[in-house]
Amino acid sequence: MRRRILFLFLGLTLAGASLAWGQPGKEFGGGFQDRFLEVKRNQLGPALGVNQQTVDKLLAIDARYKPLRHQLVTGMKSDMQRLQQLMSQPSPPEREVKPLLAEMKRKRLEMLNLQQRKDDEETALLTPMQQARYIMYLMSLIKEARNVKGGAGGQGGPSQPGVVGGPGGMGTPGGMAVPTLRPSEIPVSRPAQ
């Protein structure tokens, strides 16, 4: 059970990261991240039942891991684009595909390791109940970020990058949508349609 909660927390955090830190200044304008951080700063304490000092520590942990996570997400996205290019060829060159797949796996493991270290630091500050509240808070924050971004905000589907699942689909028991870390599903700036 504890492991399941940890992986759910990991997925939510990664999904939140991909939404909040996808491409600074391009999709939401330069002020989005500032507003996002201010909302977290104001809501996190009451939502978790912690003091401002703990909120500041959580935000500092988040800020420390943000550039590393952004670098990995950018690299994973680039690798996925390269793989798509290679696989669109009539006869994809295995000598290029094999090392690219190894690099993609390495980055995915590095992302998981990075997230595990971040989670360990955060959970050291919080009680189990506060950790559970944090998970619920992140879920609501991700949904709100999707609404601001213009997404459906409902169950997972093609209109909701970064999430798989929904009724009867992949995900947690009951078909709840689960954020993932598939590079092809990381939100990127796209022209309005």
Working to the nearest 0.5 angstrom, can you tell me the gap between [X] [atom1] and [Y] [atom2]?
X	Y	atom1	atom2	result
Leu83	Ser88	CG	OG	9.5 Å
Arg117	Glu122	CZ	CD	13.0 Å
Asn42	Leu37	CG	CG	9.5 Å
Ile135	Arg133	CD1	CZ	12.0 Å
Leu126	Gln131	CG	CD	6.0 Å
Lys118	Asn113	NZ	CG	14.0 Å

So, Ser78 side chain and Thr74 main chain: donor-acceptor pair closer than 3.5 Å or not? no
Side chains of Leu44 and Val39 in contact at under 4.5 Å (non-hydrogen atoms): no
State, with a plain yes or no, whether a side-chain heavy atom of Lys40 is found less than 4.5 Å away from one of Asp62. yes
Kindly work out whether a path of hydrophobic side-chain contacts (I/L/V/M/F/W/Y, heavy atoms less than 4.5 Å apart) joins Met87 to Met80. yes
Do we see a donor-acceptor contact under 3.5 Å between the side chains of Tyr65 and Glu121? yes
Can you give the donor-acceptor pairs under 3.5 Å from side chains of residues 93-107 to other protein atoms, not counting sequence neighbours?
unit_1, atom_1, unit_2, atom_2, d
Glu96, OE1, Arg82, NH2, 2.5
Glu103, OE1, Arg106, NE, 3.1
Glu103, OE2, Arg106, NH2, 2.6
Arg106, NH1, Glu110, OE1, 2.6
Lys107, NZ, Asp79, OD1, 3.4
Lys107, NZ, Asp79, OD2, 2.8

Quiz: residues 46-58 side-chain donor-acceptor pairs under 3.5 angstrom, not counting sequence neighbours:
unit_1, atom_1, unit_2, atom_2, d
Asn51, OD1, Gln53, N, 3.3
Asn51, OD1, Thr54, N, 2.8
Asn51, OD1, Thr54, OG1, 2.8
Gln52, NE2, Asp56, OD1, 3.2
Asp56, OD1, Arg41, NH1, 3.3

